[in-house]
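What you see is a predicted model, and the numbers here were worked out from it, not measured in a lab. Below, chains carry the letters A, B, ... as their sequence lines are ordered, and counting in each starts from 1.
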There are 2 protein chains.
Amino acid sequence: MLPSKNKYLSNVSFDTVIFGFTGEELKILVLEYQNSGMFALPGGYIRRDKNLLDAVKEGVKRRTGLNKIHLEQFHTFGMLKRSDPEPTKIIARGLGYELEEDNWMLDRFITIGYYSLINYNQVKPKPNKYSDSINWYSINNLPPLMMDHEKIVEKALEVIRTDLLKKPIGINLLPEKFTMKELQKVHETILNKKLRRTTFQRKILNMDILKRHEKLFTGAANKAPYLYSFDKDKIENT
Amino acid sequence: MLPSKNKYLSNVSFDTVIFGFTGEELKILVLEYQNSGMFALPGGYIRRDKNLLDAVKEGVKRRTGLNKIHLEQFHTFGMLKRSDPEPTKIIARGLGYELEEDNWMLDRFITIGYYSLINYNQVKPKPNKYSDSINWYSINNLPPLMMDHEKIVEKALEVIRTDLLKKPIGINLLPEKFTMKELQKVHETILNKKLRRTTFQRKILNMDILKRHEKLFTGAANKAPYLYSFDKDKIENT
DNA sequence: TCTTATTGTTCCAAAATGATACAATAAAAA
DNA sequence: TTTTTATTGTATCATTTTGGAACAATAAGA
């Protein structure tokens, strides 16, 4: 069954850019609708009976299987030219439906963009009944996304780059415990430039948000690095 | 005539926080709907046939008479509890209309917030046919605003405070030519704290975005300050 | 001419950042 | 066991940015 008009708000939707980090590359989740060749960001309509943020969380869960992830609103997109009914028709057709010309889903939509940074390894995205697949794609090698979704990704990247300098958001891309080198790699990948090791280490440690744990013995012939974790207590006492 | 359903998008609206600076205080524009006692931010519905930003600009012009002002999107508000049909009913009643229970304007609305910084003196806001009055109110002495409009103002303030450190937005609140002292006062008022004169002057001048003009002789018994203006050329060559 | 308030600048101290050097080490090689 | 190698954690010093105060330059009134 397709989404019904009276369950959702008209003319407003959400789209999410969900980032993961492989250790080498920054990736995002992209889903492919069945029999349509259409690639899209996980997005959807907004339930009438929920707060915007809750509706988005619920939508993300249905689209990706991901639960309890932190979502941050970053921009709302409302260009006229983003309202093309064709992609929606194609998607519906791929699911075996032929939409009437006056179907509410073919109307103009303004979409609210959210981003999330999650642990690439602790998560197994699951396609739902509408989508063929949901997969990680490198930021530098995305499939052609439908509508203005590429612009949405670009804007999300812009925003996380500036947020990275203020909040320790990079930590969400890593496992609970991580080395300084891994955190530096996250920053370098997002900012797309090399950082000086000593300066980076000093800056992060001076932020006083990390707890130091045991050393990590990798078997390599050199000094073992310490493991760190994000220290919630230190943050709250600020 | 009330706004008609087929001209506007459903469930989405905009609201604007328009800042002005008197020389002493930061103010915003608040309008009062006729015979209703309802105070609100200039806002409205979004025309189906325009880009979001253009629709907002057009709406602002109709509400306030202000033309060609720069608007910056800052947040989209979608809490469930902001959807109370009562205020809209009261406003309609004040205009001599009784809305049916299923009228589209009584439905839930998600609102997109925009802010603008304009020159308090070069502008004469005009009420339109729906509003009784449109007036400047000090940030610290607002009338009770309808719905969640006070939260919207708060968020706008938060955003301009952080933007102030990055972009030279304070300049928009001043006339074409201004003294360093005036610009400092703008920053102090927005940030709500005193700034050191010498440090502020150096920081602003080092940004290399100002053109220096003739001195301003005020008649006071002391050294006359230079006038400055925003230098668009210097910005573009960056 | 002297006084007063304010402005533009300079100067020095303090803090943050950039860049390099170096000691500590984990494990393999000699 | 000792030496070697790569990498990590810090210390150190230079450079840049910022904080804070001092001071000379002035516009106009006393």
Under 3.5 Å, is there a donor-acceptor pair between the side chain of N172(A) and the main chain of I169(A)? yes
When you measure from the side chain of K181(A), which nucleotide among dT6(C), dT8(D), dT17(C) comes out closest? dT8(D)
Whole angstrom value for the distance that separates C1' of dT7(C) from CD of Q184(B): 12 Å
What's the CD-P distance between Q201(B) and dT10(C), to the nearest Å? 12 Å
Please give, in whole Å, the distance from dT26(D) P to L216(B) CG? 17 Å
Ring-plane angle category for Y115(B) and F74(B), please: parallel below 30°, perpendicular beyond 60°, tilted otherwise. tilted
Are the side chains of I112(A) and Q73(A) in contact, using a 4.5 Å heavy-atom criterion? yes
Side-chain N,O (R196(A)) to OP1/OP2 (dA19(C)) below 4.0 Å: yes
What integer distance in Å separates I204(B):CD1 from dT9(C):P? 15 Å
Pick base, sugar-phosphate or nothing for T218(A), based on heavy-atom distances below 4.0 Å to the nucleic acid. nothing
Whole Å only: how far is the NZ atom of K215(B) from the P atom of dA25(D)? 12 Å
Quick test of your reading of the model: are R47(A) and E58(A) salt-bridged, counting only N-O distances below 4.0 Å? yes
Would you classify K203(A) as touching base, sugar-phosphate or nothing, given that sugar-phosphate means primed atoms plus P, OP1 and OP2, and contacts are heavy atoms under 4.0 Å? nothing
5'-most contact on DNA chain D: T199(B) or F217(B), nearest heavy atom basis? T199(B)
Quick one: is dA5(C) close enough that its OP1 or OP2 comes under 4.0 Å of any side-chain N or O from K223(B)? no
Checking dA26(C), dG8(C), dA21(C) against the side chain of R197(A) (C-beta onward), the nearest is dA21(C)
Calculate the interatomic distance between N206(B) atom CG and dT17(D) atom P; express it in whole Å. 8 Å
Sugar-phosphate only, base, or nothing, as touched by T179(A) at under 4.0 Å among non-hydrogen atoms: nothing
Tell me if the aromatic rings of Y120(A) and F19(A) count as close, with their centers under 6.0 Å from one another. no
Send over the distance from R202(A) CZ to dT17(C) C1', rounded to a whole Å. 6 Å
T198(A) side chain, from C-beta outward: closest of dA11(D), dT6(C), dT7(C): dA11(D)
